Novice: 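I'd like to ask you about the structure that follows.
Note that the structure is a prediction, hence the values are computed from the model and not measured. Side chains included, hydrogens not; waters and symmetry mates left out as well; all remaining heavy atoms used.
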Amino acid sequence: MPSPLHDTLNLLRRRPQFAVEMLRDHLGVDVPDGLPVQVASNDLNDRPSIDLRPDVVITVGPRHFPLHAIVVEIQQKEEPDKLHALPRYAAALCSWPARSPS
């Protein structure tokens, strides 16, 4: 069952621009202004066919040709195995089929 902390993810699902603002305003990450921001599918897969499901995936840029992806994962305690999942999320996102911008 999701924890109350996980329920805060609904804020990001309802207003994904908040994730961009947090990265830009509080962490100094250079995310361009004026691009579409939307919640994307969190069903990721890497090889050999291992399903990955981060809590929330937000993309920045056109829906079918995003320039950036933000993966949100809530952890309530230290889980060493999760450290191995984070690079796999990034690799799975990088392998999304490239499509021409719409």
Side-chain angles (χ1 to χ4, degrees):
M1 172 172 281
S3 69
L5 186 56
H6 277 87
D7 287 339
T8 62
L9 294 170
N10 290 326
L11 169 68
L12 293 173
R13 289 184 184 107
R14 284 192 303 267
R15 191 171 171 271
Q17 181 66 33
F18 183 62
V20 174
E21 292 165 3
M22 287 178 31
L23 287 174
R24 184 185 299 130
D25 300 344
H26 299 287
L27 297 175
V29 176
D30 184 22
V31 181
D33 283 323
L35 295 173
V37 177
Q38 58 273 320
V39 175
S41 171
N42 66 339
D43 290 327
L44 306 177
N45 186 283
D46 69 356
R47 298 292 167 225
S49 296
I50 296 173
D51 292 332
L52 306 167
R53 286 198 178 72
D55 291 326
V56 177
V57 175
I58 296 169
T59 59
V60 179
R63 183 174 298 276
H64 297 295
F65 199 72
L67 301 175
H68 299 279
I70 302 166
V71 175
V72 180
E73 185 70 32
I74 299 288
Q75 293 305 126
Q76 295 185 348
K77 60 183 179 189
E78 210 172 300
E79 292 184 38
D81 289 344
K82 190 56 79 170
L83 291 175
H84 300 291
L86 298 175
R88 293 176 64 206
Y89 293 160
L93 284 165
C94 287
S95 68
W96 277 2
R99 299 177 188 121
S100 57
S102 51

Novice: Under 3.5 Å, which donor-acceptor pairs do the side chains of residues 21-31 form with other protein atoms, sequence neighbours left out?
Specialist:
residue : atom : partner : partner atom : Å
E21     : OE1  : R15     : NH1          : 3.3
E21     : OE1  : R15     : NH2          : 3.1
E21     : OE2  : R15     : NH2          : 2.9
R24     : NE   : V31     : O            : 3.1
R24     : NH1  : D33     : OD1          : 3.0
R24     : NH2  : V31     : O            : 2.9
R24     : NH2  : P32     : O            : 3.4
R24     : NH2  : D33     : OD1          : 3.2

Novice: Which atom names give the shortest non-hydrogen contact between Q75 and E79, and what distance separates them?
Specialist: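 Nearest pair, atom of Q75 first, then E79: NE2-OE2, 3.2 Å.
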Novice: Could you tell me which non-hydrogen atom of T59 sits nearest to which non-hydrogen atom of Q38, and how far apart they are?
Specialist: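 Nearest heavy atoms, T59 then Q38: OG1-NE2, 2.7 Å.
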Novice: Apply side chain to side chain donor-acceptor pair (under 3.5 Å) to Q17 and list each qualifying residue two or more places apart in sequence or on a separate chain.
Specialist: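 With neighbours one apart ignored, the set is empty.
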Novice: Would you say the side chain of V60 lies within less than 4.5 Å of the side chain of L67, judging by non-hydrogen atoms?
Specialist: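 Contact flag for L67/V60 side chains = no.
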Novice: I'd like to check the side-chain contact (heavy atoms from CB on, under 4.5 Å) partners of E78; sequence neighbours left out, ordered by chain and number.
Specialist: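 side-chain contact (heavy atoms from CB on, under 4.5 Å) check on E78 returns nothing, list empty.
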Novice: How many angstroms lie between CD1 in I74 and CG in D55, if you round to the nearest 0.5 Å?
Specialist: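 Reported value, rounded in 0.5 Å steps: 6.0 Å.
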Novice: For P54, give me all partners under side-chain contact (heavy atoms from CB on, under 4.5 Å), at least two apart in sequence or on another chain.
Specialist: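 P54 satisfies side-chain contact (heavy atoms from CB on, under 4.5 Å) with N42, L44, V57, V71, E73, Y89 once adjacent residues are dropped.
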Novice: Is any side-chain heavy atom of V37 less than 4.5 Å from a side-chain heavy atom of L35?
Specialist: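 Not touching, per the 4.5 Å side-chain cut-off.
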